[in-house]
Protein chains: 2
Amino acid sequence: MATISDVAALAGVSTATVSRALNGKATVDRELVARVQQAADELGYRPNGPARNLRRQEAAVVALIISDVENPFFTAIARGVEDVAHEVGYSVVLCNSDENAEKESRYIDVAIQERVAGVILSPTGTTSSVDKLAARGTAFVAVDRPLPQQDSDVVLVDTRLAARQATDHLIAQGYDRVGCITGPAGVRTADDRLAGYRDALKSAKRPSSTKLVRRTEYKAAGAHKAAAELMSQPDPPDALLVANSAMAVGVLQALREQGVRPGRDVGIVAFDDAPWAEPVDPPLSVVAQPAYEIGTVAARLLLARIADSTRTATTTTLGARLIERGSSHRT
Amino acid sequence: MATISDVAALAGVSTATVSRALNGKATVDRELVARVQQAADELGYRPNGPARNLRRQEAAVVALIISDVENPFFTAIARGVEDVAHEVGYSVVLCNSDENAEKESRYIDVAIQERVAGVILSPTGTTSSVDKLAARGTAFVAVDRPLPQQDSDVVLVDTRLAARQATDHLIAQGYDRVGCITGPAGVRTADDRLAGYRDALKSAKRPSSTKLVRRTEYKAAGAHKAAAELMSQPDPPDALLVANSAMAVGVLQALREQGVRPGRDVGIVAFDDAPWAEPVDPPLSVVAQPAYEIGTVAARLLLARIADSTRTATTTTLGARLIERGSSHRT
DNA sequence: ATGAAAGCGCTAACAA
DNA sequence: TTGTTAGCGCTTTCAT
């Protein structure tokens, strides 16, 4: 594979000039630039990334560590990050931590090892593996969940408020016994959504009973079981706030099995506006989180921090939007 | 950040010994290994990836270039690739070509530049940017779609047969005018699915009319429009074969808008077993492609080719499975 | 404006 | 078994 010396030889100049010419430094004669360019083209020259990064002591790469590639919420974030990063010539490496602290830690090690310019991640619960990033001075920003006792840039959604509004909406629609299926204790978004749900019950002066609440993994299977349990209690809920779209799949499934129709029989609002939320029957009411925007904001923060590591950390909180569809109306 | 020399100094040995010890070479004294290890731990030493890659002339990284991160079919492939690659210590870099030849080409450039060990990609139609990989001798394998006139490793699904079987099934269920909504002309999977659909009509001695066929992007919006058009014709289809799950979203939406119930009024079979296919009402009949397996097979082929670039190219064709649910039954 | 030369951190010949 | 040393390909002083 052609190296910079090959190009230099062919163009009849030094490697330094080739480097300067190809990197657009102003101090190179126009004619030489052309000659170098032609030689490079002729040889199909591509700079050797590792060599460049070694010399520059940094790669124009950011790592994005998300907890679930199959979750549309996170893929939308990825899109946002990608779009911003590419604008300024950065590549994005997507890593899948699978909500697993060990995998997350491993990817962080890789990121450090490859000397990426920065890391964006949705931290898996209690982990402190981000300390490694902080210790090395690698720029990073957290999305979706704050880092415990870490003063870093964070991009969040006001998910507690969103949960409250969604619950308010269900109550306003005449549902009386609103239940909640949320994620595991300790996962911040799960806790917040539950808190918002309780806020709404309290302000509507409804009693809040633990019999109407279930916590499980953020997956379809757990939610399926939880919903089945809730619905076969003596006093089943007549509405459900569901904490993400994968869970909604499980809940819908459980309701179908019990012959219960969403909306008419049991009101449903789920977090995340999945593509299938609209075409299902009845259409699913959702809390749409600004996932793409989370990604763009996080990417911009990261780039700013890469450029200036002394910036003070900021927390950005974005709002979510309730989209009312058939599943939260009695008619 | 600590370098190998720092570790060497602290352990009182040469850098070569540190390198050997940390890379598990057999020829190092046990006691020294321990000393080196301890020094490395103490300093929090992480080998510099670019330096290592520069020296080794190859990174233990494979690039996976897929045409849509938001499509569950491709994310499942990604999972498969990841799992196999990680087993042998390779990292996977996920890139999103967005079904866009230019983006694909750019990612291929990056892959070459970073000197990745190999590339797995779902080629966007007619592109010849993979030639660049071939020219550089970078190992690669194609998934989902074959490369035009390129003798490389390929992992495919027998999608024509699957489309035929799905159509057979619809006909067997008593649907009389089966239509088809498939992807753009020139995209191999789209063409194959259409061909399989026609195979079935022919062998059932049904006339095949272009009035029952629509081609659009592999997206919800296009399929929505196509379905709406098809259904408002004078002689609308009473069943539809839909070429992927994003399209199915659009089709279902269109049917809802026209007050047409899947199954009872219009039989539906769609490609790809999306998570929401089961909980919708009625549950969606699908052609389940072995996406995860495509990923694992492709990864193994790639690793084999990395190890031995002279291997002759192979084509692996996997089967798909028809899952019959409510949307393809009249009752 | 250009070239010579040093060196980024690591691994692998080659010596000892 | 260990150390010495020479690069991998690039960018960037420092001279010129």
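Protein chains get the first letters and strands the later ones, always in sequence-line order, with residue 1 at the start of each.
- Looking at B/S67 and B/T124, their side chains never bring a donor and an acceptor atom within 3.5 Å of each other.
- Rounded to whole angstrom, the span from the CZ atom of B/R52 across to the P atom of C/dC8 amounts to 18 Å.
- The residues B/E104 and B/K132 are annotated as not salt-bridged, no charged nitrogen and carboxylate oxygen being separated by less than 4.0 angstrom.
- Ion pairing between a basic and an acidic side chain is recognised when a charged N comes within 4.0 Å of a carboxylate O; B/E102 and B/R106 show no such pairing.
- Protein atom CZ of A/R56 is 16 Å distant from nucleotide atom P of C/dG9, rounded to whole Å.
- Of the residues near DNA chain C, A/G12 and B/T3, the one whose nearest nucleotide (by heavy atom distance) lies more toward the 5' end is A/G12.
- Atom pair B/I112:CD1 and D/dG9:C1' shows a separation of 17 Å (rounding to whole Å applied).
- Rounded to whole Å, atom C1' of C/dT11 lies 14 Å from atom CD of A/Q113.
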Take A/N53 and A/V61, measure what side chain to side chain contact (heavy atoms under 4.5 Å, CB included) needs, and give me the verdict at the end.
CA-CA 10 Å; A/N53 297 339; A/V61 172; 5.9 Å; no
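- Residues from residues 13-29 of chain B that place a heavy atom under 4.0 Å from any atom of DNA chain D, listed by number: B/V13, B/S14, B/A16, B/T17, B/R20, B/T27, B/V28, B/D29.
- Between the B/N244 side chain and the B/A246 main chain, a donor and an acceptor come within less than 3.5 Å of each other.
- Of the candidates D/dC10, D/dT11, C/dG9, the closest approach to any side-chain atom of A/A51 belongs to D/dC10.
- Residue A/P47 is classed as a sugar-phosphate contact, given heavy-atom separations below 4.0 Å to backbone atoms only.
- One interatomic measurement links the two molecules: CZ of B/R35 to C1' of D/dT2, which rounds to 11 Å at whole-angstrom precision.
- B/Q57 has no side-chain polar atom (N or O) that falls below the 4.0 Å cut-off from OP1 or OP2 of D/dG7.
- Proximity of a side-chain donor or acceptor of A/R115 to a complementary backbone N or O of B/G49 within less than 3.5 Å is not detected.
- Rounded to an integer number of Å, the gap from CD of B/E114 to P of D/dC10 is 12 Å.
- Rounded to whole Å, the distance from CG on B/L54 to P on D/dT11 is 12 Å.
- With rounding to whole Å, A/R55 atom CZ is found 8 Å from D/dT13 atom C1'.
- Ion pairing between a basic and an acidic side chain is recognised when a charged N comes within 4.0 Å of a carboxylate O; B/R79 and A/D68 show such pairing.
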